[in-house]
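Structure in structure tokens, see below.
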Amino acid sequence: MTETAHDRLLIIDFGSQVTQLIARRLRELSVYCEIHPYQNVTDAFLADFAPKAVIFSGGPDSVMREGSPRPPQSVYDLGVPILGICYGQQVMMHDLGGRVEAGEHATAEFGRAWVTPTDHKDDFLTGWFLDGTGREQAWMSHGDHVSEIAPGFQVLGTSPGAPFAITADTDRRFYAVQFHPEVHHTPNGKTLYENFVRMAGFSGDWTMAAYREEMVQIIRDQVGDAKVICALSGGVDSSVAAALIHEAIGENLTCVFVDHGLLRLNEAEEVVGMFRDHMNLSVIHAQEQELFLGELDGVSDPETKRKIIGRLFIDVFQKYADQIEGAQFLAQGTLYPDVIESVSFSGGPSVTIKSHHNVGGLPEKMGLKLVEPLRELFKDEVRALGRELGLPDSFIGRHPFPGPGLAIRCPGEITRDKLEILRKADAVYIDQIRKHGLYDEIWQAFVAILPVRTVGVMGDGRTYDYACALRAVTSVDGMTADYYPFSHDFLGETATRIINEVKGINRVTYDVTSKPPGTIEWE
Ligand code: XMP
């Protein structure tokens with residue numbers, strides 16, 4: 001639980017895939033909220049957290065199953081508004097004396113449904129059912145359904161498969177819906193959250209300006225006069241964390257930018273230039289290209305590459321950090337999605353697809369304490385905070401770039417020649433995307449240089465050069481992705497530019513694999 005002066009809303013997670021979206025919608029309304037798994041929400045927890053309102057998330061279980069997830073009964077006696085969503089609705093009805101029945105084909109609903117109002121009016125529905133059609137689109141995903149509402153509740157809306165799609169006990173300010181107002185496919189869903197938090201009395205004081213001010217004070221209190229070091233990667237998270245900590249403690253922050261020789265064209269100069277010259281941060285540019293490329297020489301196995309880079313990164317970072325006398329803290333750009341404890345129903349270990357490169361393990365190894373000023377934020381809030389701190393938009397909107405850099409975009413052996421060619425091709429590709437105004441529509445775009453050479457003809461001569469693959473995907477979180485549907489004109493123009501402008505490439509392909517089954521990076 002986090003210390004905050006803001007009114008807070010508690011989201012009790014029953015294991016829905018979309019619980020984080022509830023938090024997103026609330027944060028958009030400037031409401032401070034935290035997600036906690038139902039197992040952790042005890043009477044003592046509730047008393048300590050003192051929520052101003054509570055939301056029950058959806059979840060995959062059935063309330064009719066013995067031992068299924070429940071909140072403590074005391075939540076209903078807090079005297080604060082509660083909103084139950086899907087499984088959360090069923091929990092509320094069941095706990096308060098209604099009935100839930102197992103889904104049958106007639107009542108289970110998955111996907112889009114239309115909700116229509118009843119005669120009972122309530123502020124919860126302000127702004128709904130207004131577009132003249134007399135109905136609202138909502139996204140349902142339920143097997144079980146409420147068959148009898150609890151005493152004190154009224155039905156405010158129904159759908160063909162959910163006669164109790166929206167229910168309310170207006171006196172107690174308990175609301176329960178069968179659908180998911182937080183997802184995109186309930187287009188007007190945000191309005192329901194807006195009504196709920198307004199009725200709960202939230203003032204909407206969770207703004208980035210307030211966050212910045214408070215966090216600066218929290219960092220000062222935590223760190224005092226001690227020194228902090230930060231591994232600056234040039235990515236948005238570590239950059240915003242560094243800028244914020246710098247605002248709090250000035251020159252007591254030193255950043256280390258590890259240049260492993262696997263960065264994009266001009267990247268090191270741009271990042272170091274911006275932080276050192278424009279923002280006056282103390283940045284050590286660790287020029288360790290020889291070390292990394294030397295150890296990677298002749299290595300073509302993806303996992304071996306990743307392990308080498310991860311190990312060297314830690315060694316190098318430690319070497320530079322050791323030179324900073326009196327460093328007691330390590331800054332990390334950990335975000336809220338990394339912190340939220342998820343509700344696990346399977347409990348089994350997941351398969352390692354790729355061993356990710358990060359600085360995990362460093363704090364223990366070096367005996368450092370952590371400063372993580374972004375722990376409460378989602379990615380887009382980090383971007384908003386970055387803007388608030390004066391980082392340029394072009395920097396904040398940058399696509400993610402993986403820690404192992406170009407190494408994993410160069411399948412097979414890495415050579416300096418290939419890296420050089422890859423850098424140039426990537427720069428042309430990104431320039432094309434920006435020129436066509438597509439950069440912000442794409443989650444990530446890059447070139448991979450392939451370990452094959454192909455025959456071509458340029459002018460009257462034969463060429464025998466590398467083939468490359470262009471990759472561009474849309475995604476919300478990098479977990480799943482789809483390829484971006486460029487026009488053929490765009491692809492043709494880009495291929496021509498790359499072949500004309502980049503010596504060493506004579507063939508361009510476009511990767512149309514989604515994730516899964518592919519991954520975003522090639523290795
Ligand atoms: P994949 O290739 O697994 O990538 O679909 C998903 C997202 O993660 C990024 N990525 C990494 N980021 N260290 C990072 O910081 C890594 O080792 C790493 N590997 C992949 C990738 O660029 C994409 O955004």
Side-chain angles (χ1 to χ4, degrees), residues 230-242 256-264 267-268 271 292 295-296 299 301-317 330-335 337-339 350-362 372 374 378-380 382-383 396-412 414 422-423 426 429-430 433 439-450 469-484 511-523:
C230 174
L232 194 62
S233 69
V236 178
D237 305 342
S238 66
S239 301
V240 173
V256 180
F257 180 76
V258 178
D259 190 338
H260 47 25
L262 300 159
L263 299 167
R264 290 165 292 187
E267 184 158 24
V271 173
F292 281 85
E295 292 232 11
L296 287 168
V299 177
D301 175 64
E303 273 301 287
T304 313
K305 282 184 190 174
R306 282 175 170 274
K307 295 237 160 78
I308 291 174
I309 296 168
R311 170 174 57 76
L312 291 180
F313 188 91
I314 291 190
D315 290 351
V316 165
F317 186 74
L330 176 74
Q332 275 187 350
T334 316
L335 304 191
D338 309 325
V339 175
S350 55
V351 180
T352 303
I353 307 292
K354 300 175 182 184
S355 45
H356 264 223
H357 155 83
N358 56 36
V359 286
L362 253 184
E372 297 177 301
L374 312 181
F378 285 98
K379 188 86 180 181
D380 45 350
V382 172
R383 295 203 168 102
I396 285 165
R398 284 187 352 153
H399 293 167
F401 185 65
L406 300 182
I408 57 175
R409 296 174 179 179
C410 191
I414 300 167
L422 175 55
R423 274 191 193 103
D426 194 73
Y429 181 42
I430 298 299
I433 289 174
Y439 191 83
D440 293 338
E441 281 179 37
I442 294 170
W443 162 268
Q444 215 170 353
F446 56 86
V447 176
I449 184 163
L450 305 186
L470 311 181
R471 183 87 166 126
V473 295
T474 52
S475 177
V476 249
D477 51 13
M479 305 293 285
T480 57
D482 207 352
Y483 76 89
Y484 186 79
D511 178 354
V512 293
T513 321
S514 59
K515 173 183 178 175
T519 54
I520 296 176
E521 303 289 347
W522 271 52
E523 286 192 337

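In this chain, residues are counted from 1 in sequence order. Atoms within each ligand, like the ligands themselves, are counted from 1 in listed order.
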Contact summary for Arg471 and Ile520, nearest pair of heavy atoms:
NE-O, 3.0 Å
Where on Met479 is there a heavy atom closer than 4.0 Å to ligand 1, on the side chain, on the backbone, on both, or on neither?
neither
Can you tell if the side chain of Val236 reaches within under 4.5 Å of the side chain of Phe401, non-hydrogen atoms only?
no
Test Ile308 against every option in Lys305, Arg311, Arg306 by the side-chain contact (heavy atoms from CB on, under 4.5 Å) rule and name the one that passes.
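So, applying the side-chain contact (heavy atoms from CB on, under 4.5 Å) to Ile308 and each of Lys305, Arg311, Arg306, only Arg311 qualifies.
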Quick one: ring-ring contact (aromatic ring centres under 6.0 Å, His included) partners of Phe446, sequence neighbours excluded?
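Partners of Phe446 under the ring-ring contact (aromatic ring centres under 6.0 Å, His included) test: none.
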Which of the numbered atoms in ligand 1 are below 4.0 angstrom from a heavy atom of Gly478?
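Numbered from 1, ligand 1 contributes 6 (C).
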Using a strict 4.0 Å cut-off to heavy atoms of Arg306, name the atoms of ligand 1 that fall inside it.
16 (C), 17 (O), 18 (C), 19 (N), 20 (C)
Return a yes/no value for Ile520: is any of its N or O atoms, backbone included, closer than 3.5 angstrom to an N or O of ligand 1?
yes
Quick one: does Ile433's side chain get under 4.5 Å of Tyr484's, heavy atoms only?
no
Which residues pass the ring-ring contact (aromatic ring centres under 6.0 Å, His included) test with Phe292, sequence neighbours left out?
His260
Do any nitrogen or oxygen atoms of Arg409 come within less than 3.5 Å of a nitrogen or oxygen of ligand 1?
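There is no such contact.
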As an exercise, identify every atom of ligand 1 less than 4.0 angstrom from a heavy atom of Thr519.
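Atoms satisfying the 4.0 Å criterion: 1 (P), 2 (O), 5 (O).
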Looking at non-hydrogen atoms alone, which of Glu523, Glu521, His399 comes nearest to atom 21 (C) of ligand 1?
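Nearest option to atom 21 (C) of ligand 1, by heavy atoms: Glu521.
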State the atoms of ligand 1, each with its element, that fall below the 4.0 Å cut-off from a heavy-atom position in Lys515.
1 (P), 3 (O), 5 (O), 6 (C)
In terms of atom number and element, which parts of ligand 1 are under 4.0 angstrom from non-hydrogen atoms of Pro404?
13 (N), 16 (C), 17 (O)
Answer yes or no: are there more than 12 heavy-atom neighbours, outside Tyr439 itself, under 6.0 Å from its atom OH?
yes
